[in-house]
Protein chains: 2
Amino acid sequence: MKEQIGELFSLIGDQVRSNILWTLLDGKAYTASELAFNADTSPQNISMHLNKLLQADLVQVERQGRHRYYRYSKPEVAYAVEAVVNLVPQKNNKAISGSHDDPIRHCRTCYDHLAGKVGVLITDSLIKKEFIVPVDNTFDVTFQGERFFLDLGIKINELKNKKRAFARPCLDWSERKHHLAGALGAALLNRMLEQDWIRKKQNTRAILITSKGQHLMYHYFKISV
Amino acid sequence: MKEQIGELFSLIGDQVRSNILWTLLDGKAYTASELAFNADTSPQNISMHLNKLLQADLVQVERQGRHRYYRYSKPEVAYAVEAVVNLVPQKNNKAISGSHDDPIRHCRTCYDHLAGKVGVLITDSLIKKEFIVPVDNTFDVTFQGERFFLDLGIKINELKNKKRAFARPCLDWSERKHHLAGALGAALLNRMLEQDWIRKKQNTRAILITSKGQHLMYHYFKISV
DNA sequence: GTTATATTTAAATCTGTAGTGAAATGTAAT
DNA sequence: ATTACATTTCACTACAGATTTAAATATAAC
């Protein structure tokens, strides 16, 4: 008994593995690469860690082609992770406790694209202006959309040549609505970073919006953030 | 944030520290030596680990003379520990889930003496027969008691010469009643082990009662276990 | 005052396991 | 078929951090 508890605790007590568990807390299934990206480590390493979590039945996999989607194996894991996260020293707790205007819920990265309230607002705006239209489980870019994105410095043709999904909706756990993912979502995030609309904060998925970014977001998307 | 979570997870993710946390789950305060005994490691090592837990505010100390009593600093720690313990693989779960007849609640060691239902029954029996009588926060052994223990092979005089507390009550977390601790409690446990009344199970505080032990416990204490 | 017990501190050592590099496997796109 | 991407497997290395050795401090017992 004592021994098994020790094993379990050391299992979750690793920087990378705790990062995986913390990332999965949003309930979504992530691929190994995404988890590697988030934890800022190599795919081999993530693979090793995921294996350990699999063997302990803390996570489960679902194979889809060459992707493997990982998620919690059971809700108890989420409860445990939350209970432990709840122990982090006082003053930083608000980022977790769930107030609706904390940075991580307002604007963050989701793998390689924008998420959170801002991510959802931008996506809504693009749909409303008919720059993108939902088709099946993807987005198509309209003719006006193509011009709009070109104006932002994003060439749609080039993106479509990439192997990865061009534009797809991604469910936002804090907003419970979809935001723009795929190559287009990634390109948009990159462009915003390049042009200093937004800046990445150290050690968090939260994103800071510059005043330049605020102005331009209003100009392009008619949103106030 | 991510960084702090990683730190916290690795803090609890150590064999010895998880053992400490698991031991403290009964809500009692333990001394450093007791925790070292439980975790089967050296006092220096326990001291180091306790320091780390202290700094992270997972436990708190209370000094009493040359003893230092450690306990959880807040109930949230217990919740987290329980939530994690709840994740240990299936078939062994019943030892934790709390059914009232599981081995760990029935008969176990508490540091160096007997606890659990059996520990409490034996103590009750000794009091009822007036072999021991509660005085302040200790037990006195009566004249008949002295003869009784001698019959069992325990020499009261020798025990009284030891530096440690001779006989004291210890609150049982599973039974919510006191059981016999101190030098006398330890001597009783030892004697029972020597004479094969009981056997220690590997990797658990649970204790197995032999059929010889069952007969003798009825003979000496009039209890059926 | 001396000895035993409880605990901590500091420095030295050892070790489990995370991480890396190289290569294999298995899908998907063209 | 060939190239690209996603992921795993294996063997090797490195190092953080656990443990040990040794000594200090502090309280209690005699």
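A, B, ... follow the sequence lines: proteins, then strands. Residue 1 opens every chain. Being a predicted model, the structure only gives us computed values, none of them experimental.
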Check: Should the heavy atoms of other residues, nucleotides or ligands under 6.0 Å from CZ of A:Arg147 be counted, would the total exceed 12?
Finding: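 It does not: A:Arg147 CZ has 12 such atoms or fewer within range.
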
Check: Between A:Val61 and B:Val16, which has a closest nucleotide on DNA chain D that is more 5'?
Finding: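 In this pair, the answer is A:Val61.
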
Just to confirm, is there a sub-4.0 Å distance from OP1 or OP2 of [N] to any side-chain nitrogen or oxygen of [X]?
X       : N      : value
B:His49 : D:dT19 : yes
A:Tyr69 : D:dA6  : no
B:Lys52 : D:dG17 : no

Check: Heavy-atom contacts under 4.0 Å between residues 6-14 of chain A and DNA chain C, which residues?
Finding: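 A:Asp14, in order of number.
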
Margin query: Can you identify which nucleotide, out of D:dT20, C:dA6, C:dT8, has its nearest atom closest to the B:Tyr70 side chain?
Written below: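 Of D:dT20, C:dA6, C:dT8, C:dT8 is nearest to the side chain of B:Tyr70.
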
Notebook entry, point to check: Closest to the B:Pro43 side chain: D:dT8, C:dT8, C:dT20?
Noted result: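 Looking only at side-chain atoms, B:Pro43 lies closest to C:dT8.
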
To the nearest angstrom, how far is [X] atom [atom1] from [N] atom [atom2]?
X        : N      : atom1 : atom2 : value
A:Asp40  : C:dT20 : CG    : P     : 10 Å
A:Leu50  : D:dT8  : CG    : C1'   : 11 Å
B:Phe37  : C:dA6  : CZ    : P     : 13 Å
B:Gln15  : C:dT15 : CD    : P     : 16 Å
B:Phe166 : D:dA28 : CZ    : P     : 22 Å
B:Leu35  : C:dT8  : CG    : P     : 10 Å
A:Glu34  : D:dA6  : CD    : P     : 10 Å
A:Met48  : D:dT9  : CE    : C1'   : 12 Å

Taking all non-hydrogen atoms of both residues, which atom of [X] and which atom of [Y] are closest, and how far apart?
X        : Y        : answer
A:Glu146 : A:Val141 : N-CG1, 3.5 Å
B:Val59  : B:Leu50  : CG2-O, 4.3 Å
A:Gly116 : A:His179 : N-ND1, 4.5 Å
B:Ala56  : B:Leu11  : CB-CD2, 3.2 Å

Next item on the list: Spell out, as yes or no, whether a donor-acceptor pair under 3.5 Å connects the side chain of A:Thr142 to the backbone of A:Phe131.
Entry: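 Checked: pair present.
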
Notebook entry, point to check: Is there a donor-acceptor contact under 3.5 Å from the side chain of B:Thr123 to the main chain of B:Gly119?
Noted result: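 Side chain of B:Thr123 to backbone of B:Gly119, a donor-acceptor pair under 3.5 Å: yes, one is there.
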
Next item on the list: With A:Val84 as reference, evaluate B:Leu8, B:Ile5, B:Val81 under the side-chain contact (heavy atoms from CB on, under 4.5 Å) test and give the passing residue.
Entry: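 Single pass found, and it is B:Leu8.
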
Item checked: Within-4.5 Å side-chain heavy-atom neighbours: B:Arg199 and B:Ile207 ->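 No, side chains not in contact.
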
List, with names and distances, any nitrogen or oxygen atoms from the protein found under 3.5 Å away from nitrogen or oxygen atoms belonging to nucleotides 21-28 of chain C.
residue	atom	partner	partner atom	Å
C:dG21	N7	A:Gln44	NE2	2.7

Notebook entry, point to check: Closest nucleotide of DNA chain C for B:Leu54 versus for A:Asn45: which of these residues is on the 5' side?
Noted result: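 The residue whose closest nucleotide sits nearer the 5' end is B:Leu54.
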
Check: Checking side-chain contact (heavy atoms from CB on, under 4.5 Å) for the pair A:His113/A:Leu180: CA distance, chi angles, key distance, verdict?
Finding: CA-CA 7 Å; A:His113 54 270; A:Leu180 178 64; over 6 Å; no

